[in-house]
*Asks:* 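Structure below; questions to follow.
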Amino acid sequence: MNDTERITFLQTNFGFKNFRPGQLEVIQHLQNQRNTLAILPTGSGKTLLYQYYGLWSHKSVIVISPLLSLMQDQVSRLQYLGSKRVVAITSQLAFNERQYVLNHIKHYQYIYVSPEMLDQEPVKVALRQLELGLVVVDEAHCLSEWGPDFRPDYLSIKDNLLELGNPLVLMLSATADETTRTDIITKLGLQFDQVNQVIKSVDRPNIYLTVQHLENESDKNMQLIELVKKLRGTGVIYFSSKKKVNEISQLLTAKTNKRVMPYHGDLDSSQREMIQQQFMNNQIDVICATSAFGMGIDKNDIRYVIHYHLPGSLQSYVQEIGRAGRDGAASIAILLYTTGDEYIARALNDSANVTDELVDYYWRKPNPDLTGQDVRLLNYYFTHGYSAEQVKQIFANQQRKRENNLQKMIAYVNCATCLRNFIKNEFGESLQVTEQQFCCDKDGHFNGDWQQFNTTFLTELSTNSSIKSWQEVLNHLFLAKN
DNA sequence: CGAGAGTACTATAAAGTACTCTCGGTGCATTATT
């Protein structure tokens, strides 16, 4: 198949005239039977990649996905688009339904599973019967972020791929720096020379970047209230604490006329689903959320993302602000910082660490029946033949990595030069030589006066929602100053 | 880490002081109860 044929195939089967950036390259690699790691921004049509390959190869595709809600969305989307041979094997299927699916597995072409489900013997037995064309690891950064921390089954994917006979693998993510990319490949047990990478820039030129330093928490709250009052359109405010989510969500409801809702892992799934729906339907203006909110949120006109707390890494930060402005219109990312904020992130890092004492204890008295989070991880390493010393090393490295990530985040907060270049540099991208006109609070057009920023800038920003209006906004700022 | 809440003490009534404790995220699957 040459590129002309590829485009014809696209037109005939999907009705698109052209590929989006990166798509053709990925499809070329896959058709040449090359494992592929694709870092493509959200909205660049990642689903199409494996749909295309499935259609072309007439073989089955297994998609490993981190969240049940993501799987459900994908299944209904593919069904809506006309594929009937789609299923998600999850704990939400009734026992007899699941039996039916496993017994008739060849009937399905696109099969979604969680890493946990993939590791179950009956599931593996069924999947081995497939004529398997491709395994997709969706949201592949989870492999690096969640696997070694609290979802050990992510680490088992490696073994499961072997058992499936080393199938062709497509790794997909929107945000992954060099370290994460290396980690993804290693944790899947792949060799670097077996993997082709297709990497698009993480930079989002339509998102203005700013870090605001505030004296204390009450100043921060006041500034937040001002921002939420002034900013138009929908926004997301990220927190590192569920308690603060609830608290500030109530504060904003009381002090602004915006419709504000909380969102975090303590809400039950029906509540979460409802809030998500209302957000999508513009019945909510502002979501106060923990990191639980994000993956699978497909709203393209989020106008601003504010961080009340410091995320644990620049990668998380870029991921979270990247949810703004998918429609390409002017949007803004605001990080509110008070000296000492990093202690919350650091405390979370420490609590994620497994102590040497616990490792020693477990190795003296291993017990595979224990179900705690730490113990499940330990159990994984124990049953895979690691020594206590090796495991201590692994946890120590993880801890060091988390601390390094946090240091980078602190460096961003204190960065005195272009914030966009800081991010680009961390993601190994070449820097912009001449700054774009409207870039970040270091671009020379900002004079350090937040009061003026709030009144003039934000009003302008939210009334002009076209990227072409940057110049107008800029002019207005200058006029206001002179 | 360090702020803020909670508790104990004082010493005979209420309220101030000093100390201790807590905070602090991300999900799958499974199972035993309502």
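Here is the naming used below: chain letters follow the sequence lines, and residue numbers restart at 1 for every chain.
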*Asks:* On a whole-Å scale, what distance lies between the C1' atoms belonging to dA14(B) and dT10(B)?
*Replies:* 11 Å
*Asks:* Any N/O pairs under 3.5 Å between the protein and nucleotides 26-28 of chain B? List them or say none.
*Replies:*
from    : atom 1 : to        : atom 2 : distance (Å)
dT26(B) : OP1    : Gly265(A) : N      : 2.9
dT26(B) : OP1    : Thr290(A) : OG1    : 2.4
dT26(B) : O2     : Trp146(A) : NE1    : 3.1
dG27(B) : OP1    : Arg272(A) : NH2    : 3.1
dG27(B) : O6     : Gln373(A) : NE2    : 3.0
dG27(B) : N1     : Arg376(A) : NH1    : 3.4
dG27(B) : N2     : Arg376(A) : NH1    : 3.4
dG27(B) : N2     : Arg376(A) : NH2    : 2.8
dC28(B) : OP1    : Leu68(A)  : N      : 2.5
dC28(B) : O3'    : Ser114(A) : OG     : 3.2

*Asks:* Would you kindly check if the NZ (Lys) or CZ (Arg) of Lys187(A) is within the cone defined by 45 degrees around the ring axis of Tyr154(A) and under 6.0 Å from the six-membered ring centre?
*Replies:* no
*Asks:* Does any pair with a residue in residues 158-189 of chain A pass ring-ring contact (aromatic ring centres under 6.0 Å, His included), and if so which ones, sequence neighbours excluded?
*Replies:*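 As it turns out, there is no ring-ring contact (aromatic ring centres under 6.0 Å, His included) pair with a partner in residues 158-189 of chain A once direct neighbours are skipped.
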*Asks:* Check side chain to side chain contact (heavy atoms under 4.5 Å, CB included) between Asp327(A) and all other residues, then give those that pass, not counting sequence neighbours.
*Replies:*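 Per chain and number, Asp327(A) pairs via side chain to side chain contact (heavy atoms under 4.5 Å, CB included) with Asn300(A), Asp301(A), Arg303(A), Ala329(A).
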*Asks:* So if I take residues 157-164 of chain A and measure heavy-atom distances to DNA chain B, which residues fall below 4.0 Å?
*Replies:* none
*Asks:* Can you tell me how far C1' of dA3(B) sits from CG of Asp341(A), to the nearest Å?
*Replies:*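 After rounding, the gap between these two atoms is 12 Å.
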*Asks:* Just the rounded figure in Å: distance from P of dG25(B) to CG of Leu267(A).
*Replies:* 13 Å
*Asks:* Roughly how far apart, to the nearest Å, are dA11(B) and dC19(B) at atom P?
*Replies:*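 Those two atoms are separated by 16 Å.
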*Asks:* Listed in order of residue number, which residues of residues 399-409 of chain A have a non-hydrogen atom at under 4.0 Å from DNA chain B?
*Replies:* none
*Asks:* Just jot down the side chain to side chain contact (heavy atoms under 4.5 Å, CB included) partners of His104(A), sequence neighbours excluded, or say none.
*Replies:*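 For His104(A), the residues satisfying side chain to side chain contact (heavy atoms under 4.5 Å, CB included) (neighbours in sequence not counted) are Tyr100(A), His107(A).
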*Asks:* Please report the distance, rounded to the nearest Å, between NZ in Lys244(A) and P in dT22(B).
*Replies:* 19 Å
*Asks:* What's Gln120(A) touching, base or sugar-phosphate or nothing? Going by heavy atoms closer than 4.0 Å.
*Replies:*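 Touches sugar-phosphate only.
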*Asks:* Could you list, one pair per line, each protein nitrogen or oxygen that sits under 3.5 Å from a nitrogen or oxygen of nucleotides 31-34 of chain B, together with the distance?
*Replies:*
none

*Asks:* Quantified in whole Å, what is the C1' atom distance between nucleotide dA32(B) and nucleotide dT26(B)?
*Replies:*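 The answer is 26 Å between these two C1' atoms.
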*Asks:* Mind jotting down which residue pairs meet the ring-ring contact (aromatic ring centres under 6.0 Å, His included) criterion with at least one end in residues 277-302 of chain A? Sequence neighbours excluded, please.
*Replies:* Tyr263(A)-Phe293(A), Phe279(A)-Phe293(A)
*Asks:* Identify whether any heavy atom of Ser351(A) sits under 4.0 Å from a base atom; if not, whether one sits that close to sugar-phosphate; answer base, sugar-phosphate or nothing.
*Replies:*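 Base contact - Ser351(A) has a heavy atom under 4.0 Å of at least one base atom.
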*Asks:* Can you tell me how far P of dG2(B) sits from OH of Tyr343(A), to the nearest Å?
*Replies:*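 One finds 5 Å between P of dG2(B) and OH of Tyr343(A), rounded.
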*Asks:* Checking Lys124(A) now: which residues fulfil side chain to side chain contact (heavy atoms under 4.5 Å, CB included) with it, not counting sequence neighbours?
*Replies:*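 Counting only residues at least two positions away or on another chain, Lys124(A) forms a side chain to side chain contact (heavy atoms under 4.5 Å, CB included) with Asp119(A), Glu121(A), Arg128(A), Asn160(A), Glu163(A).
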*Asks:* If I pick the C1' atom on dG24(B) and the same atom on dA3(B), what distance separates them, to the nearest angstrom?
*Replies:*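 Result for the C1' pair: 14 Å, nearest Å.
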*Asks:* Residues from residues 308-316 of chain A sitting under 4.0 Å of DNA chain B, heavy atoms only?
*Replies:*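 Output list: empty, so none.
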*Asks:* Tell me the stems DNA chain B sits in, counting at least three consecutive Watson-Crick or G-U wobble pairs, each under 3.5 Å on both distances.
*Replies:*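 Stem segments, range with range: B:2-10 with B:15-23.
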*Asks:* Table please: side-chain donor-acceptor pairs of residues 66-75 of chain A below 3.5 Å, with sequence neighbours left out.
*Replies:*
from     : atom 1 : to       : atom 2 : distance (Å)
Gln72(A) : NE2    : Gln92(A) : OE1    : 2.3
Gln74(A) : OE1    : Thr47(A) : OG1    : 3.2
Gln74(A) : OE1    : Tyr50(A) : OH     : 3.3

*Asks:* Roughly how many Å is it from CZ in Arg346(A) to P in dG2(B), rounded to a whole number?
*Replies:*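 Interatomic distance, CZ of Arg346(A) to P of dG2(B): 11 Å.
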*Asks:* Roughly how far apart, to the nearest Å, are dC21(B) and dC1(B) at atom C1'?
*Replies:*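 Those two atoms are separated by 15 Å.
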*Asks:* Testing Leu209(A), Val413(A), Leu335(A) for side-chain contact (heavy atoms from CB on, under 4.5 Å) with Leu419(A), which one passes?
*Replies:* Leu209(A)
*Asks:* Roughly how far apart, to the nearest Å, are dT12(B) and dG16(B) at atom C1'?
*Replies:* 15 Å
